[in-house]
Amino acid sequence: MSEELFRRSSAVTPGGVHSPVRAFRAVGGTPFFTRSARGARLIDTGGRELVDFCMAFGPLILGHGHPAVAAAATQALSDGWSYGTADPYSLALAELIASRIPWAENIRFVNSGTEAVMTALRLARGATGRRKLIKFAGCYHGHADSMLIRAGSGLAGTGAADSAGVTPGVAADTIVVPLDDETALVAAFAAHGADLAAAIIEPLPANHGLLPQRPEFLRELRALCSRHGTLLIFDEVITGFRLQFAGSAGASGIRPDLVTYGKIVGGGFPVGAVAGSRELMRELAPLGRVYQAGTLSANPMAMRAGLATLEALLDGSVYGELESLGATLESAVAATGLHCARSASLVWLPGGPRAAQAIRSPAQIDAALTAPFPAMFRRALDAGIYLPPSCYEVAFLSTAHSRSDIERLAAAIAA
Ligand SMILES: *Cc1c(COP(=O)(O)O)cnc(C)c1O
């Protein structure tokens with residue numbers, strides 16, 4: 001059945017999918033088509049039930065179809081689903097975030113993580129009057145042109161386009177620096193400091209495996225940004241509201257100048273957000289000279305779903321529950337001898353045997369670690385378990401997962 005749907009889909013959509021990793025090219029085989037989802041389960045169009053460890057790549061910390069989120073969205077639906085005016089729901093969501101996260105005094109809602117990053121970068125350039133950006137190899141920030149850049153040749157050199165359609169002019173303004181490398185960081189600031197509008201980082205990189213950074217590295221980055229008048233942007237699209245309510249910045253105690261959110265903030269609906277100090281955020285239109293707008297921004301259904309999701313996270317018990325599930329998963333995987341990196345409810349299972357040391361940068365990821373992934377993915381799928389379909393994607397736990405789901409996963413991936 002999925003073969004036929006995928007054939008039809010490939011006839012009307014590039015690669016048959018609307019976001020590349022969904023095509024299963026990294027794992028082989030034909031992607032299944034999901035008909036519905038509930039809790040920690042996906043049901044495909046053939047009626048097969050799969051335990052979902054991908055969870056839509058991050059937004060669904062409460063699981064699929066959570067009753068409180070469903071109730072909020074259903075109520076929103078009956079109240080009309082797009083106003084194009086000011087509304088009380090985005091106000092409530094902004095107040096909830098601003099009251100809990102001191103560095104998010106002001107918030108602007110957009111429709112995706114990509115859009116949040118785009119806005120944060122333009123804001124940084126507008127506010128500083130500078131041109132260049134630092135990003136880190138191994139961090140993902142969505143698909144804005146200036147972020148689709150890989151390291152060029154030469155230390156502290158400018159980047160090269162990592163996608164066709166990105167101009168050399170754009171690439172020249174993005175400096176790509178390795179993670180976990182203070183020396184390279186210092187060199188990049190020494191070479192470009194006066195032109196650097198912003199440095200953007202996933203404070204816990206979770207899009208190229210899970211690459212936890214040493215606190216000293218993040219502190220050095222914070223210090224260099226402050227010294228050079230460069231704005232530090234934490235891209236917390238995955239980590240925001242997931243590691244803890246205040247995300248990675250809350251967990252590390254290191255404060256960004258701007259922060260981007262996505263995924264959980266919309267509870268599974270299309271929402272992104274950029275946040276920062278009142279002083280910086282007033283650079284955005286209509287107050288300031290940095291333009292940004294959106295027909296569907298702060299869509300009321302999405303705002304109410306996001307609000308219901310964040311409200312469920314407020315008392316903190318969810319994080320305790322997820323930590324304990326995560327620890328169970330980690331020890332069950334350890335018993336199989338496979339590599340497992342974990343931070344709270346983010347889990348990276350690259351498929352290979354346990355590595356001797358913590359992996360903090362893409363350069364440390366070798367073929368032995370990832371080559372077994374497609375076979376492991378397939379083993380899991382045959383056993384009714386859906387892992388994210390790439391060795392570089394992390395798995396996501398939700399409150400809908402049970403200990404027996406985790407035991408099934410561990411049994412399935414054991415070779
Ligand atoms: C997912 C993600 C993005 C992009 O968000 P989209 O909603 O897919 O555009 C940006 N940054 C990080 C860290 C992400 O994980």
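Note that these values count all heavy atoms, side chains included, but never hydrogens, waters or copies made by symmetry. One-based numbering, in listed order, for ligands and for the atoms of each. None of the values given here were measured: they were computed from a predicted structure.
Proximity of a side-chain donor or acceptor of Ser99 to a complementary backbone N or O of Leu96 within less than 3.5 Å is detected. Remark: side-chain polar atoms of Glu202 are not paired, donor with acceptor, to backbone N or O of Phe234 under 3.5 angstrom.
Tested against Ile201 for a side-chain contact (heavy atoms from CB on, under 4.5 Å), the candidates Ile134, Leu179, Val177 yield a single pass: Leu179. For the side chain to side chain donor-acceptor pair (under 3.5 Å) with Asp173, the lone residue among Arg130, His192, Lys132, Arg131 that qualifies is Arg131.
In this structure, of Asn111, Thr114, Asp235, the residue bringing a heavy atom nearest to atom 13 (C) of ligand 1 is Asp235.
Among protein heavy atoms, atom 15 (O) of ligand 1 sits closest to Lys263 NZ, 2.6 Å. Atom 6 (P) of ligand 1 has Gly113 N, 3.5 Å as its closest protein atom, hydrogens excluded (heavy atom only). Scanning the protein heavy atoms around atom 3 (C) of ligand 1, the nearest turns out to be Val237 CG1, 3.7 Å.
Considering backbone and side-chain atoms alike, Glu202 places every N or O at 3.5 Å or more from each N or O of ligand 1.
The distance from atom CG of Leu280 to atom CG of Leu258, rounded to the nearest 0.5 Å, is 5.0 Å.
Remark: ligand 1 atoms within the under-4.0 Å shell around heavy atoms of Asn207 are 12 (C), 13 (C), 14 (C), 15 (O). Set against the non-hydrogen atoms of His141, the atoms of ligand 1 under 4.0 Å away are 10 (C), 11 (N). With ligand atoms numbered from 1 in the order given, ligand 1 contributes 7 (O), 9 (O) to contacts under 4.0 Å with heavy atoms of Ser112.
The residues Glu323 and Arg342 are annotated as salt-bridged, a charged nitrogen and a carboxylate oxygen being separated by less than 4.0 angstrom.
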**Q.** Stepwise ring pair (Phe, Tyr, Trp, His ring centres under 6.0 Å) check, Phe32 with Tyr386
**A.** CA-CA 10 Å; Phe32 60 86; Tyr386 178 50; 4.9 Å; yes
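There is a protein heavy atom less than 4.0 angstrom from atom 9 (O) of ligand 1.
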